[in-house]
Amino acid sequence: MNHLVIMAGGVGSRFWPMSTVDNPKQFIDVLGVGRSLMQLTYDRFKPLCQPENVWVVTSADYVDKVRQQLPEIPVGNILSEPCRRNTAPCIAYVSYRIKAKDSKASIVVTPSDHVVMNVAEFQRVISSAMQFAGETDSIVTLGMKPTRPETGYGYIQANMAERSMRNKELFQVESFREKPNLETAQEYIKHSDYFWNSGIFVWNVSTIVNAFRMYQPAISRIFESLMDVYGTDKEQAAINERYAECENISVDYAIMEKAEEIFVFPADFGWSDLGTWGSLHTLAKKDANGNGLISQNIKTYETTNCIINVEGNKQVVVQGLDGYIVAQRDGRLLICKLSEEQRIKEFSAE
């Protein structure tokens with residue numbers, strides 16, 4: 001059976017004031033479409049996975065938000081992390097939990113806060129990758145075809161000469177590269193074998209569990225020892241007691257950079273991890289002057305290249321701005337140059 005894992009534990013406060021530590025971006029309607037980013041993530045996978053096989057791993061602080069926004073999935077499928085330990089322990093926990101229920105599961109793991117513009121192509125790619133992973137002992141990661149020298153993403157270098165015989169769209173991974181500086185990113189995109197690392201992974205449950213046993217035995221032993229309590233009323237107490245013992249490490253460092261049978265699926269379905277207001281401006285539908293108007297009741301005069309997002313149906317009039325963020329929520333108002341948005345955290349902390 002196909003299982004979906006949504007990682008929704010991040011603090012995601014980069015869209016201040018729309019998002020905060022108490023209400024991270026995955027739980028808000030960033031795009032103004034009536035669904036949060038996490039709900040849109042769930043929606044994309046509906047044709048591929050039944051609700052009873054959807055899992056969400058999140059912080060203990062956000063469990064209630066997940067329950068409210070995804071009432072279709074079983075409450076027992078919302079796994080609560082007692083502390084932050086990065087993506088490797090998160091994925092190990094849910095993988096062993098799924099193994100206890102379905103020892104032959106095919107699993108796709110995705111962040112909760114990404115945007116996909118071409119949903120049909122996304123579903124085709126995921127379906128193809130899941131079929132491949134279900135028939136092999138391989139790990140598949142989705143690589144996005146880069147459109148610009150982006151410094152905010154990690155990169156995957158593919159060996160374009162090593163195409164999978166079982167699925168001609170997949171290539172052996174040559175290497176994973178950390179987020180580069182601008183000069184390095186400009187060099188990467190000159191070559192057709194570099195792709196953005198989407199952080200979306202596909203594998204069967206035996207493959208990922210065996211990978212943890214081989215490459216992260218300390219983490220594996222923790223979750224292996226809890227097999228008897230998964231799905232019982234003792235599970236949360238046991239996780240609360242043992243989770244902090246896990247190393248704080250990403251799945252890229254823990255598994256991906258070590259695994260041998262790992263393939264990249266180059267894809268192009270209008271993807272973004274929406275890490276900045278600038279990335280939202282790029283994706284948003286714009287008026288004739290390049291303004292991304294997320295809210296409904298906005299009028300602009302002599303205003304260009306702005307992103308404007310206010311809560312509710314408040315009337316907003318903006319005149320004379322070029323290249324600004326205008327955002328308002330819960331009594332907080334931000335007016336900031338798009339070019340200076342890296343300072344938002346500094347401003348909001350004062």
**Asked** Between the main-chain N or O of D330 and the side-chain N or O of E311, is there a donor-acceptor pair closer than 3.5 Å?
**Response** yes

### Task
Decide whether T184 and N181 meet the rule of one side-chain donor and one side-chain acceptor closer than 3.5 Å.
yes

message = For a ring-ring contact (aromatic ring centres under 6.0 Å, His included) check, start with the C-alpha distance between Y62 and F27, then their side-chain angles and the critical distance, and finish with the verdict.
response = CA-CA 9 Å; Y62 305 144; F27 300 116; 5.5 Å; yes

Inset, instruction - Starting from the C-alpha separation in whole Å, work towards a yes-or-no answer on side chain to side chain contact (heavy atoms under 4.5 Å, CB included) for F195 and M144. - result: CA-CA 5 Å; F195 304 92; M144 303 296 104; 5.8 Å; no

(Q) So T58 and L79, do their side chains get closer than 4.5 Å, heavy atoms only? (A) no

Practice task
Start with the C-alpha gap between E169 and R124, add the side-chain angles, then the distance that decides, and say whether salt bridge (Lys or Arg N to Asp or Glu O under 4.0 Å) holds.
Solution key: CA-CA 12 Å; E169 292 187 273; R124 185 196 71 80; 3.0 Å; yes

Value for CG (N53) from CD1 (I73), rounded to nearest 0.5 Å, stands at 11.0 Å

Q. Are K179 and E150 within salt-bridge range, i.e. N to O under 4.0 Å?
A. no

Examine distances only and state if a side-chain atom of E162 and a backbone atom of N159 form a donor-acceptor pair shorter than 3.5 Å. no

TODO: Determine yes or no for a side-chain-to-main-chain donor-acceptor pair under 3.5 angstrom, with K299 supplying the side chain and N297 the backbone.
DONE: no

Which of L70, V94, N77 passes side chain to side chain contact (heavy atoms under 4.5 Å, CB included) with V56? Answer is L70

Correct closest heavy-atom pair for K337 and I325 would be O-CD1, 4.3 Å

### Message
Please say yes or no: joined through hydrophobic side-chain contacts below 4.5 Å, possibly via intermediate residues, are I107 and F45 part of one cluster?
### Response
no

Stepwise side chain to side chain donor-acceptor pair (under 3.5 Å) check, S279 with T282:
CA-CA 5 Å; S279 62; T282 299; over 6 Å; no

Smallest heavy-atom separation, P24 atom then S19 atom, equals C-CB, 3.9 Å

Open item on the list: Salt bridge check, R85 against E247: does any charged N sit closer than 4.0 Å to a carboxylate O?
Closed with: no

Taking the six-membered ring where the residue is Trp, are the ring centres of F263 and F132 under 6.0 Å apart? yes

Practice task
Report the C-alpha distance between W277 and W16 in whole Å, list the side-chain angles of each, state the deciding distance to 0.1 Å, and finish with yes or no for side chain to side chain contact (heavy atoms under 4.5 Å, CB included).
Solution key: CA-CA 9 Å; W277 281 106; W16 190 91; 5.9 Å; no

Whether E178 side chain and G154 backbone form a donor-acceptor pair below 3.5 Å: no

Checklist entry - Side-chain contact, heavy-atom cut-off 4.5 Å: I219 with I249? => result yes

Mind checking whether F223 and Y96 have parallel, tilted or perpendicular rings, split at 30° and 60°?
-> parallel

message: Working note: V33 + L40, criterion side chain to side chain contact (heavy atoms under 4.5 Å, CB included); need CA distance, chi angles, decisive distance, verdict.
response: CA-CA 9 Å; V33 295; L40 291 172; 4.0 Å; yes

dist S128:OG -> F265:CZ (nearest 0.5 Å) comes out at 4.0 Å

Quiz item: Is there a donor in the side chain of N23 and an acceptor in the side chain of K65, or the other way round, less than 3.5 Å apart?
Solution: yes

**OP:** For atom CD of E183, decide whether the heavy atoms of other residues, nucleotides or ligands shown that lie under 6.0 angstrom number more than 12.
**Re:** no

Using a 3.5 Å distance criterion without hydrogens, assess whether the side chain of T151 forms a donor-acceptor pair with backbone atoms of L182.
no

Here the pair of heavy atoms bringing A105 nearest to H3 is CB-CD2, 3.4 Å

| said: Please determine whether a side-chain nitrogen of the Lys or Arg among D43 and R35 lies less than 4.0 Å from a carboxylate oxygen of the Asp or Glu. | reply: yes

A88 and A254 have their tightest heavy-atom pair at CB-CB, 3.7 Å

Do L334 and L321 sit in one hydrophobic cluster, given that two such residues count as connected whenever their side-chain heavy atoms are within less than 4.5 Å of each other, even indirectly? no

In short, S250 meets T87 closest at the heavy-atom pair CA-OG1, 3.3 Å

With side chain to side chain contact (heavy atoms under 4.5 Å, CB included) as the test, would you mind laying out the steps for V57 and V5 before giving the verdict?
-> CA-CA 7 Å; V57 188; V5 173; 4.3 Å; yes

Original post:
How about V108 and F201: do any of their side-chain heavy atoms sit closer than 4.5 Å?
Top reply: no

When rounded to the nearest 0.5 Å, the distance separating CG of N86 from OH of Y253 is 10.0 Å

Pair K25 + D113, salt bridge at N-O below 4.0 Å | yes

Examine distances only and state if a side-chain atom of N291 and a backbone atom of C306 form a donor-acceptor pair shorter than 3.5 Å.
yes

Report yes or no: does S220 contribute a side-chain atom to a donor-acceptor pair with the main-chain N or O of Q216 at less than 3.5 Å? no

In terms of hydrophobic clusters joined by side-chain contacts under 4.5 Å, are Y42 and V75 together?
no

Looking only at heavy atoms, the pair that brings R148 and Y155 closest together is O-OH, 4.0 Å

When rounded to the nearest 0.5 Å, the distance separating CE of M1 from NZ of K104 is 13.5 Å

Practice task
Specify whether Y194 and Y188 have parallel, tilted or perpendicular ring planes, treating 30° as the upper limit for parallel and 60° as the lower limit for perpendicular.
Solution key: parallel

Per side chain to side chain donor-acceptor pair (under 3.5 Å), Q157 is matched among H191, E174, R177 by R177

Is there a path of hydrophobic side-chain contacts, each under 4.5 Å between heavy atoms, that joins I262 and V109?
yes

Using a strict cut-off of less than 4.0 Å between a Lys/Arg side-chain nitrogen and an Asp/Glu carboxylate oxygen, indicate whether E224 and R213 qualify as a salt bridge.
yes

- Query: Are any of the side-chain heavy atoms of D322 and E302 separated by less than 4.5 Å?
  - Reply: no

ask   = Regarding R44 and the six-membered ring of F122, is the cationic atom NZ or CZ under 6.0 Å from the ring centre and inside 45° of its axis?
value = yes

- Task: Kindly work out whether a path of hydrophobic side-chain contacts (I/L/V/M/F/W/Y, heavy atoms less than 4.5 Å apart) joins I189 to I156.
- Result: no

#### Entry: H114 backbone acceptor or donor facing D273 side chain under 3.5 Å
no

Check whether any side-chain heavy atom of W203 lies under 4.5 Å from a side-chain heavy atom of I91, and answer yes or no. yes

Practice task
Look at the side chain of T303 and the backbone N and O of G320, then say whether any donor-acceptor pair between them is shorter than 3.5 Å.
Solution key: yes

- Flag side-chain contact, heavy atom, 4.5 Å: T136 against E261: no

#### Entry: Any side-chain heavy-atom pair of L142 and F269 under 4.5 Å
yes

OH of Y243 to CD of Q236, rounded to nearest 0.5 Å, is 10.5 Å

Interatomic distance, CD1@I294 vs NE2@H281, rounded to 0.5 Å, equals 9.5 Å

message: Less than 4.5 Å apart, side chain to side chain, heavy atoms only: is that true for V21 and D61?
response: no

- [ ] Can you label the angle between the Y153 ring and the W196 ring as parallel, tilted or perpendicular, going by 30° and 60°?
- [x] perpendicular

Would you confirm whether S106, through its side chain, and N2, through its main-chain N or O, come within 3.5 Å as a donor-acceptor pair?
no

